[in-house]
K.L.:
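Let me begin by handing over the structure; questions about it come next.
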Amino acid sequence: MKRSPARTLSMLEQLEAGEVQEIHNDRMPICLFPKLEERGFPYETEAMEDGSAKVRILKK
């Protein structure tokens with residue numbers, strides 16, 4: 001369930017514009033957020049009760 005920022009960014013590169021990638025991580029992936037912002041990927045986060053997090057990322 002833990003994903004590296006590089007793996008997530010690689011997955012995003014394969015998406016078409018307008019597609020959304022949802023990841024479920026064992027914790028809030030705070031290292032990923034600055035990388036998404038640098039590349040212009042809007043995202044939404046949802047903290048889960050068990051401490052994990054869901055992140056929805058849009059490819060523009």
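One is the number of the first residue; the rest follow in order along the sequence.
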K.L.:
Could you tell me which residues satisfy side chain to side chain donor-acceptor pair (under 3.5 Å) with Glu22, sequence neighbours excluded, listed by chain and number?
P.N.:
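Result, side chain to side chain donor-acceptor pair (under 3.5 Å) vs Glu22: none returned.
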
K.L.:
In the structure I gave you, are the side-chain heavy atoms of Arg27 and Ser52 within less than 4.5 Å of one another anywhere?
P.N.:
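No, every pair of side-chain atoms sits at 4.5 Å or beyond.
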
K.L.:
Check the pair Arg39, Glu37 against side-chain contact (heavy atoms from CB on, under 4.5 Å), reporting the backbone distance first and the verdict last.
P.N.:
CA-CA 5 Å; Arg39 290 164 175 81; Glu37 291 166 5; over 6 Å; no

K.L.:
Has the side chain of Gln14 got a donor or acceptor atom that lies under 3.5 Å from a matching backbone atom of Met11?
P.N.:
no

K.L.:
Indicate yes or no: at least one non-hydrogen side-chain atom of Met48 is less than 4.5 angstrom from one of His24.
P.N.:
yes

K.L.:
CG/Asp50 to CG/Asp26 distance, rounded to the nearest 0.5 angstrom?
P.N.:
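It is 9.5 Å, given to the nearest 0.5 Å.
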
K.L.:
Looking only at heavy atoms, what is the nearest atom pair of Pro34 and Cys31, with distance?
P.N.:
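Residues Pro34 and Cys31, closest heavy atoms: CD-O, 3.5 Å.
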
K.L.:
So which residues get pulled into Val20's cluster when ILVMFWY side chains under 4.5 Å apart are joined, directly or through others?
P.N.:
Leu58

K.L.:
Does Phe33 sit in a hydrophobic cluster with other residues, and if so which ones, taking ILVMFWY side chains as linked at heavy-atom separations under 4.5 Å, directly or through other members?
P.N.:
Leu9, Leu12, Leu15, Ile23, Met28, Ile30, Leu32, Leu36, Phe41, Tyr43, Val55, Ile57

K.L.:
Check the surroundings of atom NZ in Lys59: do more than 12 heavy atoms from other residues, nucleotides or ligands lie under 6.0 Å from it?
P.N.:
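Count over threshold, so yes.
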
